[in-house]
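Residue numbers begin at 1 in each chain, while the letters A, B, ... track the order of the sequences. A quick note: this is a predicted structure, and the numbers were derived from the prediction, not measured.
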Amino acid sequence: MDQLSSLVDWSRAQFALTAMYHWIFVPLTLGMSFMIAIMETIYVRTGKEEWKKMTKFWAKLFGINFAIGVATGIILEFEFGTNWSNYSWFVGDIFGAPLAIEGIMAFFMESTFIAIMFFGWNKVSKKFHLTSTWLVAIGANLSALWILVANAWMQFPTGTVFNPDTARNEMINFGDVLFSPIAVNKFLHTISSSYIVGAVFIIGVSSWFLLKKREIVFAKKSILVAATFGFIASVFVAFTGDGSAYQVAQKQPMKLAAMEGLYDGQNGAGLIVVGVLTPGKQAGDDKDADIFKVEIPKLLSFLGYRDTDAFVPGVNDLVYGNDEQGLISAEEKIARGRIAIETLHEYKVAKENGDSTYAEIALLFDRETPQGKEFYDNYFRYFGYGYLNSPEDIIPNVPMTFYSFHIMVALGFFFIFFFFMMLIFTIKNSIDRRKMWLRIALFTMPLAFIATQTGWIVAEVGRQPWVIQDLMPTVAAVSQIDASAVQLTFVLFAIIFTALLVAEISIMLKAIKTGPNEGGK
Amino acid sequence: MKIFQPIQKAFRFYVEGFRHMPAWGRKMWLIIIIKGIAIFVIMKFLFFPNLLKKNYNSDEERSKHVLEQLTKPR
């Protein structure tokens, strides 16, 4: 068991490392692409060369980021095949279809039009070049859509049925997968948070120019575009974040409980604004959940259920059950999950032996039949619980989820204020005199990356132990390979990705120091 | 042949683009190529084989293996 835990932990750590490094490059690509398209649109409409200069400079930084980041995500797909082979087979075409579309879109749209974006100046018409720039932005964002749809299905599996003959989930309704409420919210929240990263980056670099008293007009106009775009995106992020929290409350109540460090469920639950959790707090013990907290009364109930008096289940309610609220215990779910696994085993044996019970058991896996529906509702929906050893296994890392969530939310509101102030100063034409705000802009750059990374920590750590919600925990998804091999590749990745990041930062810094004028100052 | 003209034009566009690429662009391509070799050649073949594809010959065998994994006593 210890060996398995080590394998699962290292495989998870490796996937997290790859995903987190990949996600340093992606949001900058997604965010900057639209602002570059906006700048070029202004250039085409006004014919003013300064907008062309802006477009080309930011496109150069975009290009550096794109080149360093491209293909870092493909390693995640390799890891599916090696470290998570049970999982990659079990998800079947649910992942295959969106990822295939993503591959085609990324390849044809981004690769084709990015070439025109960089090689096409003075070779194709202005309008054709502008169209290409917009298509790069749209293509990049659509690529993200398919990845996020696949991720959303793992958080809320829908539009599929399990085939006991192939041990795979099969898509029966693509629309349900694509337009699941989790997918829609996840896509909108993730891309708009990426726009914030792009906007903060452009403002930060422009602020550096202003502090150095260089490229004044260029920097001010860049800040105007980025602050406007960033302000709209940051307000939108707040709304989509609210939508995400609502969906989490409905579909992943344990994640919501972890996000708020809520152990004992309550009616009219408050939302913690600032708080410190009690170290060593465990489910079922009698310690207070937090050392101190400042909370807004009833807000969590309202955000989660649109009712200020609604009951929000806590960790203890979800682990040990709550009869009053109709919540069954994890122990009961584990028992039901084991029955589902045992039934699948019986089906497999009966099929292999040509037993007459084979057809009868097959009906249990067909949700169109009355017995199949009953079996799904009472047993198969808890399939993944059958792999867990104890009820407490369903609890994610509460402190990591709690603090990540609160850092993300605090930064989210800070960004709204930050963009608003930068916009006001730019409109008043006083931004170059606001030294303190220009310095704040520099320090805000890493904060934007921290916010987007903590968002993913909430989404992924908060849903542990599941790779597919309620259907497959990490312990069942992992391939039976040597943990030391995973440790080796973990170290290898850490070195490669760190080298790529160092390369990106140093090339980026050199390009920034050179500035928008060819050859530099 | 007129039908090949757009292809020839696109090909020339790319050749011209690469030929007149600025120094930073060449550096980026060098990074992309090194990274591509590291990811698609070294990592894929040495460290990340697709276990089910490598160890089993048909989808039927893969299904059987995963079913065994999922239903084995724990």
Side-chain angles (χ1 to χ4, degrees), chain A residues 1 60 63-64 66-68 70-72 74-75 77-83 85-86 88-90 115-116 118-120 123-124 163-168 341-342 344-349 352 383 386-387 389 472 475-476 479-481 485 488-489 492-493 496 500 503-504 507 510-511 514 518, chain B residues 5-74:
Chain A
M1 197 62 210
K60 181 179 175 179
I64 292 168
F66 186 88
I68 305 267
V70 73
T72 50
I74 201 86
I75 301 167
E77 289 188 41
F78 294 168
E79 288 171 23
F80 285 144
T82 304
N83 299 11
S85 60
N86 290 345
S88 65
W89 185 259
F90 189 76
I116 297 168
F118 285 98
F119 297 161
K123 289 195 180 82
V124 297
N163 183 338
D165 291 312
T166 59
R168 306 192 91 172
I341 293 169
E342 182 55 34
L344 182 62
H345 179 69
E346 284 169 14
Y347 176 78
K348 178 180 151 285
V349 173
E352 280 167 1
F383 183 79
Y387 298 103
N389 290 318
M472 182 173 261
V475 72
S479 310
Q480 297 303 311
I481 53 176
L488 175 72
T489 44
L492 190 73
F493 281 179
I496 290 174
L500 285 174
E504 159 140 3
I507 298 168
K510 197 177 167 195
T514 304
E518 291 295 326
Chain B
Q5 272 184 355
I7 299 167
Q8 284 176 337
K9 229 172 150 182
F11 182 73
R12 274 202 300 273
F13 173 82
Y14 276 88
V15 170
E16 283 292 301
F18 280 109
R19 192 175 287 162
H20 297 110
M21 200 157 44
W24 72 269
R26 290 175 201 278
K27 198 183 276 179
M28 287 301 105
W29 271 105
L30 183 68
I31 289 173
I32 289 173
I33 291 166
I34 293 170
K35 191 174 56 173
I37 293 167
I39 291 174
F40 291 102
V41 181
I42 302 170
M43 280 191 201
K44 176 71 185 159
F45 289 104
L46 291 184
F47 299 109
F48 288 99
N50 186 315
L51 291 182
L52 292 177
K53 273 192 182 158
K54 187 183 147 201
N55 297 336
Y56 303 94
N57 295 320
S58 66
D59 278 356
E60 203 180 336
E61 285 181 21
R62 289 174 197 119
S63 293
K64 201 176 163 193
H65 167 74
V66 175
L67 267 175
E68 269 168 21
Q69 291 286 313
L70 294 180
T71 58
K72 72 181 179 188
R74 285 167 190 266

| Listed partners of B:E68 passing salt bridge (Lys or Arg N to Asp or Glu O under 4.0 Å), at least two apart | none
| said: Can you tell me which portion of B:I31 sits under 4.5 Å from chain A's heavy atoms? Options are side chain, backbone, both or neither. | reply: side chain
| query | Is chain B contacted by the side chain of A:S85, its backbone, both, or neither, given a heavy-atom distance below 4.5 Å? | reply | both
| message | Does any part of the side chain of A:I341, heavy atoms only, come nearer than 4.5 Å to the side chain of B:L70, both counted from C-beta? | response | no
| request: Let me know if A:I507 has heavy atoms under 4.5 Å from chain B in its side chain, its backbone, both or neither. | output: side chain
| query | Among B:Y14, B:W24, B:W29, who wins on heavy-atom pairs under 4.5 Å with chain A? | reply | B:W24
| message | At a 4.5 Å cut-off on heavy atoms, which part of A:N83 comes close to chain B: side chain, backbone, both, or neither? | response | side chain
| field | A:A115, part contacting chain B, at a heavy-atom distance under 4.5 Å | value | both
| note | CH2 of A:W89 to CD of B:Q69, rounded to nearest 0.5 Å, is 13.5 Å
| Taking every non-hydrogen atom, the tightest pair across A:A167 and B:S63 | CB-O, 4.2 Å
| query | Of the non-hydrogen atoms in A:I64 and B:M28, which two are nearest, and what is the gap between them? | reply | CA-SD, 3.7 Å
| For B:K35 and A:V70, what are the C-alpha separation, side-chain angles and deciding distance, and is it a side chain to side chain contact (heavy atoms under 4.5 Å, CB included)? | CA-CA 9 Å; B:K35 191 174 56 173; A:V70 73; 3.7 Å; yes
| field | Under 4.5 Å from a heavy atom of chain B, the part of A:L488 involved | value | side chain
| message | Is it the case that over 12 heavy atoms from other parts of the model lie below 6.0 angstrom from the CD atom of A:Q480? | response | yes
| task | Can you establish whether the number of heavy atoms outside B:K54 located under 6.0 Å from its atom NZ is more than 12? | result | no
| What part of A:F80 is in contact with chain B, defined as an atom under 4.5 angstrom from a non-hydrogen atom: side chain, backbone, both or neither? | neither
Identify every side-chain donor-acceptor pair in residues 42-53 of chain B under 3.5 Å, counting partners at least two apart or on other chains, and give the distances.
| from | atom 1 | to | atom 2 | distance (Å) |
| --- | --- | --- | --- | --- |
| B:N50 | OD1 | B:L52 | N | 3.4 |
| B:N50 | OD1 | B:K53 | N | 3.3 |

| query | Could you state the interatomic distance from CG (B:L67) to OH (A:Y347), rounded to the nearest 0.5 Å? | reply | 9.0 Å
| query | Is there side-chain contact between A:F119 and B:M21, with heavy atoms separated by less than 4.5 Å? | reply | yes
